[in-house]
Peer 1: 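Below is the structure I would like to discuss, written out as structure tokens.
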Amino acid sequence: MARKFLYVVAGLIVLAIAATFAYRLFGNQLLRWSTVPGESFRAQPAAPPSLYDRTALWLARPELPNNPAQWTPAGHAPGKTGTGAAIFFIHPTSYISKASWNAPLDDAETNERTALFLRGQASAFNAAGDVWAPRYRQATFGAFLTSVADAERALALAYGDIDAAFDSFLDTIGPDRPIILAGHSQGALHLTRLLRDRVAGNPALTRRIVAAYVVGWPVSVTTDLPRMGLPACGTADQTGCILSWQTFAEPADPSLILDVYDQTQGFNGAPRRDTPMLCTNPLTGTPNVQAPATANLGTLYPSPDLKTADLLPNRVAARCGDRGFLLIGDGPNVGPYVLPGNNYHVYDYSLFWANVRADANRRLAAFAR
């Protein structure tokens with residue numbers, strides 16, 4: 001029992017800290033010491049696509065029993081297996097060890113933590129089709145706290161696994177099924193690269209994309225979006241487009257994100273400094289607008305053990321503010337894991353769970369017309 005309790009505590013800690021861009025180069029020396037690996041990055045073989053033909057390499061896929069992405073709150077149910085879209089979901093960071101730069105694929109504690117994220121995030125899409133979520137050698141949390149080259153190598157290794165998993169996913173679902181792409185935090189970072197490398201310039205694949213949800217990671221409208229193969233979603237029923245948001249309560253202080261963002265280069269090689277970030281309001285499915293709390297179809301309020309949640313409507317408003325951050329006014333009490341600066345990063349999906357669900361269903365219906 002004590003061991004199970006510790007697992008829950010570890011999961012709660014990860015919900016508070018895992019894979020948030022705001023913590024990159026945060027300057028907390030104690031946190032760096034406790035999470036950044038002390039050893040040099042160790043090269044590992046690239047994952048062949050055939051590796052992901054094994055069911056065991058997936059945390060969620062249609063035939064898996066006890067699939068965490070199939071969870072729903074009361075009043076909702078997942079769709080019928082084999083219908084609708086195939087959803088490729090890339091989970092956020094759940095590996096916090098400093099033992100290595102990348103998570104082992106069979107790390108039990110890491111995979112238990114990941115299941116928490118799939119229940120609260122990927123589940124929003126399960127009415128639109130089958131959710132696929134690969135295990136991958138994700139970069140450890142400490143990789144987001146340092147600028148050393150080893151951190152970039154760790155992220156590159158992680159992306160290689162995502163790329164291989166995506167090949168297997170495409171082979172398995174066949175050539176015609178509609179596709180929804182989604183991710184959060186580190187998963188959204190990898191999704192931006194997947195869009196740039198695999199979707200852009202590939203008309204056969206592009207025409208199958210219902211939408212891409214790049215949530216909890218900044219996308220520069222000027223330097224990134226033009227190279228990602230899809231436009232921003234401009235209307236609530238547009239298909240073949242990208243949605244993105246980063247959630248803050250007010251007063252918001254996104255300086256930890258901006259300090260890093262403004263020092264980086266976009267996909268076109270130009271500086272991101274002072275460029276706007278893509279902001280989709282998940283309550284409306286459209287960019288750069290505001291919506292009242294009455295437009296919120298349901299926010300997840302988790303139980304203390306995180307095994308279930310109540311879905312409560314009309315609790316959270318949202319508007320796109322300066323530079324492209326999503327602002328929600330006074331933040332709701334959905335848990336104690338709000339990050340510095342009033343950053344609701346952990347709750348990017350759960351604050352708008354029912355609206356994300358409706359958005360995916362609406363775009364899929366429009367795609368089918």
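Values below: all heavy atoms of this structure, side chains included; hydrogens, waters and symmetry mates excluded. Everything numeric here is computed off the predicted structure, so don't read it as measured data.
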Peer 1: Taking Asp161 as the fixed residue, which of Gln44, Arg135, Arg137, Gln138 is the one that meets the side chain to side chain donor-acceptor pair (under 3.5 Å) rule?
Peer 2: Arg137
Peer 1: State yes or no: are the ring centers of His184 and Phe89 separated by less than 6.0 Å?
Peer 2: no
Peer 1: Return the SG to CG distance between Cys233 and Asp359, rounded to the nearest 0.5 Å.
Peer 2: 7.0 Å
Peer 1: When rounded to the nearest 0.5 angstrom, what is the spacing between CG in Leu157 and CG in Leu155?
Peer 2: 9.5 Å
Peer 1: Is it the case that one hydrophobic cluster holds both Val214 and Phe352, taking links as side-chain heavy atoms less than 4.5 Å apart, direct or via other members?
Peer 2: no
Peer 1: I'd like to know if Leu118 and Tyr347 are part of one continuous hydrophobic network [Ile/Leu/Val/Met/Phe/Trp/Tyr, side-chain heavy atoms within less than 4.5 Å].
Peer 2: yes
Peer 1: Assess, by modelled atom type and distance only, whether the side chains of Thr294 and Asn314 contain a donor and an acceptor separated by less than 3.5 Å.
Peer 2: no
Peer 1: Would you be so kind as to tabulate the donor-acceptor pairs closer than 3.5 Å made by side chains of residues 73-83, with sequence neighbours excluded?
Peer 2:
from  : atom 1 : to    : atom 2 : distance (Å)
Thr83 : OG1    : Lys80 : O      : 2.6

Peer 1: Check whether any side-chain heavy atom of Val338 lies under 4.5 Å from a side-chain heavy atom of Asn343, and answer yes or no.
Peer 2: no
Peer 1: Is the NZ or CZ atom of Arg315 positioned over Tyr301's six-membered ring, under 6.0 angstrom from the centre and within 45° of the axis?
Peer 2: yes
Peer 1: Who clusters with Leu311? Use side-chain heavy atoms, under 4.5 angstrom, across I, L, V, M, F, W and Y, and order the result by chain and number.
Peer 2: Trp71, Leu300, Trp353
Peer 1: Just to verify, what does Arg207 make a salt bridge (Lys or Arg N to Asp or Glu O under 4.0 Å) with, not counting sequence neighbours?
Peer 2: none
Peer 1: Is the shortest side-chain heavy-atom distance between Phe169 and Asp171 below 4.5 Å?
Peer 2: no
Peer 1: Start with the C-alpha distance between Asp262 and Arg323, add both sets of side-chain angles, then the distance that settles salt bridge (Lys or Arg N to Asp or Glu O under 4.0 Å), and finish with yes or no.
Peer 2: CA-CA 11 Å; Asp262 282 343; Arg323 292 296 300 274; 3.0 Å; yes
Peer 1: Calculate, to the nearest 0.5 Å, the distance between atoms CG and CD belonging to Leu258 and Gln263 respectively.
Peer 2: 11.0 Å
Peer 1: Can you spot which of Asp224, Thr222, Thr223 makes a side chain to side chain donor-acceptor pair (under 3.5 Å) with Ser220?
Peer 2: Thr223
Peer 1: Strictly below 4.0 Å, N to O, side chains only: are Asp163 and Arg198 in salt-bridge contact?
Peer 2: yes
Peer 1: If we only count heavy atoms from C-beta on, is the Gln246 to His345 side-chain gap below 4.5 Å?
Peer 2: no
